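What you see is a predicted model, and the numbers here were worked out from it, not measured in a lab.
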Amino acid sequence: MFAILKSQHAEIAKIAAGLEKLLTAHPDPVISELSILRTKLSLSLVGHLTAEEEHLHAPLRRSRLGAKIPRYAAVADATRDLRLAYSAHIARWPVKTIRSHWADYVAETRALLGNLSQIMRDEEHDIFPLAQQLLAARAFPSESGSGQDGYAVNDRSTLSRL
């Protein structure tokens, strides 16, 4: 499950790098290329947030394990804030406004991309490894004993009710 999220991060980073390259290489905006990259980034983010909800947030809520991950709440809040900021950014920057205020658009976009990059690093470093470990331990309690839910692993490594 976390391989999917990391793969999506890689795809998002690739799109963001293409957007950054366009922002740097073209002082006069190439709106068609910019529009394509903005759309790709938006679609990738929507898909990723949906997958993240399914594979990370919902399981952590169901198992009440989020509190055991030290930076989980802060990173989740930063993700929510960035999602809202990115939606506002897209609404605030139609093509006509981008053309007439290119330098401002570039500065704001770079700030958002920097925040996005930081969140992805935080998730991969601080959240995903511990969440994966906690969720796996919850699904398969120790082989030598019973888990918190009264399950034990039998000789065939399947769960059986105690």
Side-chain angles (χ1 to χ4, degrees), residues 1-140:
M1 92 176 96
F2 287 92
I4 293 167
L5 299 178
K6 288 179 181 181
S7 173
Q8 289 173 335
H9 277 183
E11 180 62 25
I12 291 166
K14 181 179 172 184
I15 296 166
L19 185 53
E20 177 61 39
K21 183 177 178 183
L22 184 65
L23 297 176
T24 301
H26 298 284
D28 184 27
V30 179
I31 297 300
S32 61
E33 290 177 48
L34 182 64
S35 295
I36 290 168
L37 288 171
R38 282 171 38 129
T39 300
K40 283 175 106 174
L41 184 59
S42 293
L43 292 172
S44 292
L45 288 171
V46 166
H48 177 67
L49 292 172
T50 300
E52 208 168 68
E53 175 60 27
E54 178 183 345
H55 297 297
L56 176 68
H57 302 299
L60 287 174
R61 276 193 308 274
R62 278 193 305 270
S63 61
R64 294 182 177 93
L65 292 171
K68 293 187 179 213
I69 302 172
R71 297 201 55 238
Y72 176 71
V75 174
D77 288 347
T79 301
R80 183 202 61 234
D81 293 348
L82 181 63
R83 184 183 73 239
L84 295 171
Y86 188 73
S87 294
H89 171 81
I90 293 298
R92 187 172 37 257
W93 290 103
V95 170
K96 186 176 180 180
T97 305
I98 292 170
R99 285 186 197 273
S100 62
H101 295 90
W102 177 247
D104 294 331
Y105 174 77
V106 168
E108 186 175 314
T109 301
R110 283 186 172 146
L112 284 170
L113 293 176
N115 290 341
L116 175 61
S117 179
Q118 184 62 53
I119 288 169
M120 290 190 303
R121 279 192 306 272
D122 289 346
E123 285 179 341
E124 289 192 20
H125 183 265
D126 298 333
I127 308 303
F128 293 174
L130 190 50
Q132 186 170 18
Q133 183 180 40
L134 289 169
L135 291 169
R138 174 93 172 166
F140 300 102

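Residues V106 and T24 are not in side-chain contact: their nearest non-hydrogen atoms beyond the backbone lie 4.5 Å or more apart. L37 is not listed as a side-chain neighbour of L41, based on a closest heavy-atom distance of 4.5 Å or more. In this structure, M1 and Q132 have side chains that are not in contact, with every pair of non-hydrogen atoms separated by 4.5 Å or more. Between L34 and L19 there is a side-chain heavy-atom pair separated by less than 4.5 Å. Residues S63 and L134 fail the side-chain proximity criterion, which asks for heavy atoms closer than 4.5 Å. A heavy-atom distance below 4.5 Å is not found between the side chains of L116 and Y86. Counting only heavy atoms from C-beta outward, the side chains of I69 and V75 never approach each other to under 4.5 Å.
Although no hydrogens or angles enter the test, the distance criterion places no donor-acceptor pair under 3.5 Å between the side chain of S7 and the main chain of A3.
By the side-chain contact (heavy atoms from CB on, under 4.5 Å) test, K14 is found to be paired with E11, residues two or more places apart in sequence or in another chain being considered. The side-chain hydrogen bond (donor to acceptor under 3.5 Å, both in side chains) test applied to R121 returns S117, Q118, not counting sequence neighbours. Contacts of H48 classified as ring-ring contact (aromatic ring centres under 6.0 Å, His included), with partners at least two apart in sequence or in another chain: H9. Listed by chain and number, the residues in a ring-ring contact (aromatic ring centres under 6.0 Å, His included) with Y105 are H89, W93, W102 (sequence neighbours excluded). Take H57 and apply the ring-ring contact (aromatic ring centres under 6.0 Å, His included) test, not counting sequence neighbours, and it matches Y72.
Rounding to the nearest 0.5 angstrom, the gap separating the CG atom in D104 from the OG1 atom in T97 is 10.5 Å. To the nearest 0.5 angstrom, L49 atom CG is 12.5 Å from R80 atom CZ. Within the model, atoms CD of Q133 and CG of L65 stand 11.0 Å from one another, a figure rounded to the nearest 0.5 Å. Atom CD1 of residue I12 and atom OG of residue S44 lie 6.0 Å apart, to the nearest 0.5 angstrom. Atom CG of N115 is separated from atom CZ of R110 by 14.5 Å, given to the nearest 0.5 angstrom.
Residue pairs satisfying the salt bridge (Lys or Arg N to Asp or Glu O under 4.0 Å) criterion with at least one member in residues 66-76, sequence neighbours excluded, are listed as follows: R71-D122, R71-D126.
Closest heavy-atom contact between A78 and I119: O-CD1, 3.4 Å. Of all heavy-atom pairs between Q8 and A51, the closest is OE1-CB, 3.4 Å. Minimum interatomic distance between H55 and L135 (heavy atoms only, all atoms of both residues): O-CD1, 4.3 Å. Taking both residues in full, the closest heavy atoms of K40 and I15 are given as O-CD1, 3.8 Å, listed atom of the first, atom of the second, then distance.
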Is there a side chain to side chain contact (heavy atoms under 4.5 Å, CB included) between I98 and R38 once you walk through the steps?
-> CA-CA 12 Å; I98 292 170; R38 282 171 38 129; 3.3 Å; yes
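Between E123 and K6 there is no salt bridge, since none of the side-chain N atoms of the basic residue sits less than 4.0 Å from a carboxylate O of the acidic one.
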